[in-house]
Every structure is written in C-alpha cells, then in structure tokens.
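Chain A is the first sequence line, chain B the second, and so forth, proteins listed ahead of strands; every chain is numbered from 1. Computed from heavy atoms alone, side chains included, the values below leave out hydrogens, waters and symmetry copies. Predicted, not measured: the structure shown is a model, and the values here were computed from it.
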Amino acid sequence: MPELPEVQNVVDGLKILQDRYVEDVKVYNVNTVKNPNTSDDFEDILEGKKVLDVFRRGKYIVFQLDADYKLITHLRMTGALVVGEKEVTKYTRVGFLFSKNLAVNFNDIRRFGTMSLLHQEELYKEKGYFNLGVEPLSKEFNHRYMLGKLSSNRAIKTVILDQTIIAGLGNIYADECLFLAGIHPNRKGRELTKQEACILVDKIKLVLEKAINCGGTTFRDYKNSKGESGNFQQHLHVYGRKGQKCLLCNKGLKNSKISGRTTVFCPNCQR
DNA sequence: CGACGGGCCTGACAGC
DNA sequence: TGCTGTCAGGCCCGTC
C-alpha cells in the first residue's frame with residue numbers, strides 16, 4: 001500500500017512526462033474520476049494540455065499542467081501508474097498517451113484509487129489534498145510543530161496517521177516509527193514528554209528517508225512506475241510481524257486495532 | 001470536537 | 001476440491 005516513500009518513487013519515475021503533451025485519454029472506470037463530473041469532460045480538458053511538472057504532496061501525485069490545471073491522483077491501496085504499458089489490462093482504470101508515443105496506464109485492482117482534474121481555483125474540492133498538513137521531510141516538520149499537535153487525548157498513532165497533521169505517513173511507517181522511538185502506539189498525545197516528541201520526529205524523518213532510498217516497501221501489491229518492487233520490507237521491525245519476536249528484546253510482539261488499523265508493537269520496548 | 005462503524009473494492013488465504 | 005468467511009486499509013461520510 002503506497003505511502004510517502006512509495007509515492008515518491010512513483011513520482012521520480014514519472015518525471016519523464018515533464019514537458020510532454022497529453023495526446024489521448026481514455027477512462028475505463030468512471031468511478032476512478034472524481035472531478036470533473038463526467039469522463040467526457042475529464043478527457044476533453046486533459047487532451048492537449050502540457051505537463052509542466054510532476055510532484056508528490058503527502059500520498060498524492062500531482063501533475064501540474066498548463067492553463068493552471070492540476071491532475072491530482074491518489075493510489076490508495078492498489079493503484080499503480082505504469083509508464084510504457086501500451087495494452088489495456090483487466091485493471092486499467094484510465095489510459096493516457098503522451099507525446100513522443102509514451103503510454104501511461106493507471107491500473108488499480110481494487111478501484112479505491114482516484115483522479116481529479118481541477119483548476120487552480122477549485123482545489124478546495126479535493127478536500128484530502130487541500131487540508132494536508134506539513135511534509136514530514138520538510139523543515140516545517142520539527143519538534144515545535146510536533147509538540148503543538150500533542151495537546152489531545154488521541155492515541156499517538158492516530159495523531160501521526162492524521163493527514164492534516166503529517167502528510168504522507170501511513171500504517172506501515174507509523175508502526176515502524178513508534179517502535180524505533182520506543183513509544184507505545186496507544187499513549188495519549190498529551191502524555192508524551194518533550195524528549196519523546198523530539199525522538200519521534202527524528203525517527204519519522206529517518207524511517208521515511210531510509211524507505212525512499214530502498215525504493216519503498218513491497219508488502220503485497222506495490223510497484224513503482226517501472227514495475228519494480230521496493231525492498232524496505234527487509235528492514236521492517238514490527239509491521240507484518242505480529243506474533244513474532246521483537247528484533248531488539250526477543251519478547252513477543254503484540255497486536256491490536258487503533259483507528260481501525262492493525263497495529264503491531266513490542267510492549268516491552270514501547271512504553 | 002472526536003470516536004466509531006460502514007462503505008468502497010478485490011485477491012489471498014484459512015478453515016471446513 | 002470448492003465454498004464461505006475474514007482480512008488487508010486510506011479516506012470519506014454519517015451518527016452518536
């Protein structure tokens with residue numbers, strides 16, 4: 001499931017689209033397109049537009065087009081943007097042809113993924129994008145910012161998964177960061193010490209940077225835009241290891257649900 | 001305000 | 001073998 005590091009790797013592979021024109025668009029699954037209201041409008045507005053830039057914001061992939069339009073994409077669980085795939089597959093939801101004969105397919109097994117084509121002035125319509133919090137790898141995400149978000153009684157895991165607070169952290173990396181910071185995922189935000197908050201910020205940056213450099217985590221479906229898997233799964237300490245032994249203290253890992261998501265932690269190392 | 005559950009989806013897998 | 005049930009989870013929305 002693509003989180004920040006995976007999305008970053010996909011975006012890196014999509015940079016090849018910069019300065020190309022959208023020559024053809026075909027929507028195969030109407031529900032993938034949230035905006036505009038009809039597939040016809042989506043295709044019509046896109047065709048002829050130039051890609052000025054492709055970048056990541058949180059877990060969103062953004063194509064900056066000319067005429068102040070943005071194509072905002074979210075891969076959700078199983079979405080993939082595949083460069084150079086000409087044939088339409090069973091899971092192709094939207095197909096693109098860019099100039100110099102470069103095809104890109106938006107494939108998505110479970111159809112959770114979305115695409116929105118919006119003019120600069122209607123970005124508010126994509127609420128999740130519009131309300132994103134700070135980028136965890138930016139200077140704005142620092143100890144002071146984190147401390148300012150820890151005044152509630154919400155579980156710390158819920159806080160760091162909140163996209164309006166930190167943009168791009170998902171279930172895998174939330175569990176990993178809390179493990180490395182030695183913080184129990186159920187601790188209330190307001191109960192963290194200043195020191196713990198500082199350690200957490202540092203671990204979030206560390207884990208995300210390392211995962212990006214590893215090409216992301218391929219647990220089930222994730223593939224980058226060239227169809228390659230990541231290998232950060234080899235470095236996971238807790239995610240996907242429920243019932244196994246802690247790599248640090250050798251005691252049993254526990255699991256529970258927090259915010260409806262499977263959470264794995266070490267009750268001995270995380271307090 | 002926040003917690004919670006349902007819905008969206010399909011494939012993998014466990015158990016009978 | 002083949003069926004059924006459960007799980008995976010990002011995000012939105014409605015309800016309490």
Subject >> Value in whole Å for how far the C1' atom of B/dC9 lies from NE2 of A/H74 >> reply: 15 Å
Subject >> Verify stack between A/F112 ring and B/dC8 base, 5.5 Å, 30 degrees >> reply: yes
**OP:** Can you figure out which of B/dG11, C/dC12, B/dC9 approaches the side chain of A/R110 most closely?
**Re:** B/dC9
**OP:** Determine whether the side chains of A/D40 and A/T38 contain a donor N or O and an acceptor N or O closer than 3.5 Å.
**Re:** no
Original post:
For A/R76 and B/dC9, what is the distance between atoms CZ and C1' respectively, to the nearest whole Å?
Top reply: 12 Å
Original post:
Quick one: is C/dC11 close enough that its OP1 or OP2 comes under 4.0 Å of any side-chain N or O from A/N131?
Top reply: no
Original post:
When the nearest nucleotide of DNA chain C is assigned to A/E126 and to A/K242 on a heavy-atom basis, which residue is associated with the more 5' position?
Top reply: A/K242
Original post:
Between A/K34 (NZ) and C/dC13 (P), how many Å, whole number?
Top reply: 8 Å
Original post:
What does A/Y129 touch in the nucleic acid at a heavy-atom separation under 4.0 angstrom: a base, only the sugar-phosphate, or nothing?
Top reply: nothing
**OP:** Answer with base, sugar-phosphate or nothing: what part of the nucleic acid does A/T78 contact at a heavy-atom distance below 4.0 Å?
**Re:** nothing
Original post:
Could one point to a donor on the side chain of A/R111 or the base of B/dC9 with an acceptor on the other under 3.5 Å away?
Top reply: no
Subject >> Nearest to side-chain heavy atoms of A/R261, which nucleotide of C/dC11, B/dG2, B/dG11 >> reply: C/dC11
Subject >> Spacing between A/L75 atom CG and C/dG9 atom P, to the nearest angstrom >> reply: 17 Å
Original post:
Taking the side chain of A/Y239 as its heavy atoms from C-beta onward, which of C/dA8, C/dG10, B/dG2 lies nearest to it?
Top reply: C/dA8
Original post:
When the distance from NZ of A/K149 to P of B/dG2 is rounded to whole Å, what number comes out?
Top reply: 11 Å
Subject >> A/E6 CD - C/dG9 P separation (whole Å) >> reply: 13 Å
**OP:** Mind checking A/D108 for me? I need base, sugar-phosphate or nothing, with any heavy atom below 4.0 Å counting as a touch.
**Re:** nothing
Subject >> Modelled atom types, side-chain donor and acceptor of A/D175 and A/H237, under 3.5 Å >> reply: no
**OP:** Return the value, rounded to whole Å, for the distance between atom CD of A/Q163 and atom C1' of C/dG10.
**Re:** 8 Å
Subject >> Which nucleotide in C/dG9, B/dG11, C/dC11 has an atom nearest any side-chain atom of A/K59 >> reply: C/dC11
Subject >> Nearest-angstrom distance from the residue atom CG of A/N29 to C1' of B/dT10 >> reply: 13 Å
Original post:
Can you find a side chain N or O atom of A/T262 that sits less than 4.0 Å from OP1 or OP2 on C/dG9?
Top reply: yes
Subject >> Of A/Y60 and A/K257, the one whose closest DNA chain C nucleotide lies more 5' >> reply: A/K257
**OP:** For A/Y28 and A/K90, indicate whether the former's side chain and the latter's backbone hold a donor-acceptor pair under 3.5 Å.
**Re:** no
Original post:
Does any N or O in the side chain of A/R93 come within less than 3.5 Å of the main-chain N or O of A/V27, such that one atom is a donor and the other an acceptor?
Top reply: no
Subject >> No-hydrogen, no-angle side-chain donor-acceptor test under 3.5 Å, A/D108 and A/T78 >> reply: yes
Original post:
Nearest to the side chain of A/Y91, which nucleotide is it out of B/dC9, B/dT10, B/dA3?
Top reply: B/dT10
**OP:** Decide whether A/Y69 and A/E122 meet the rule of one side-chain donor and one side-chain acceptor closer than 3.5 Å.
**Re:** no
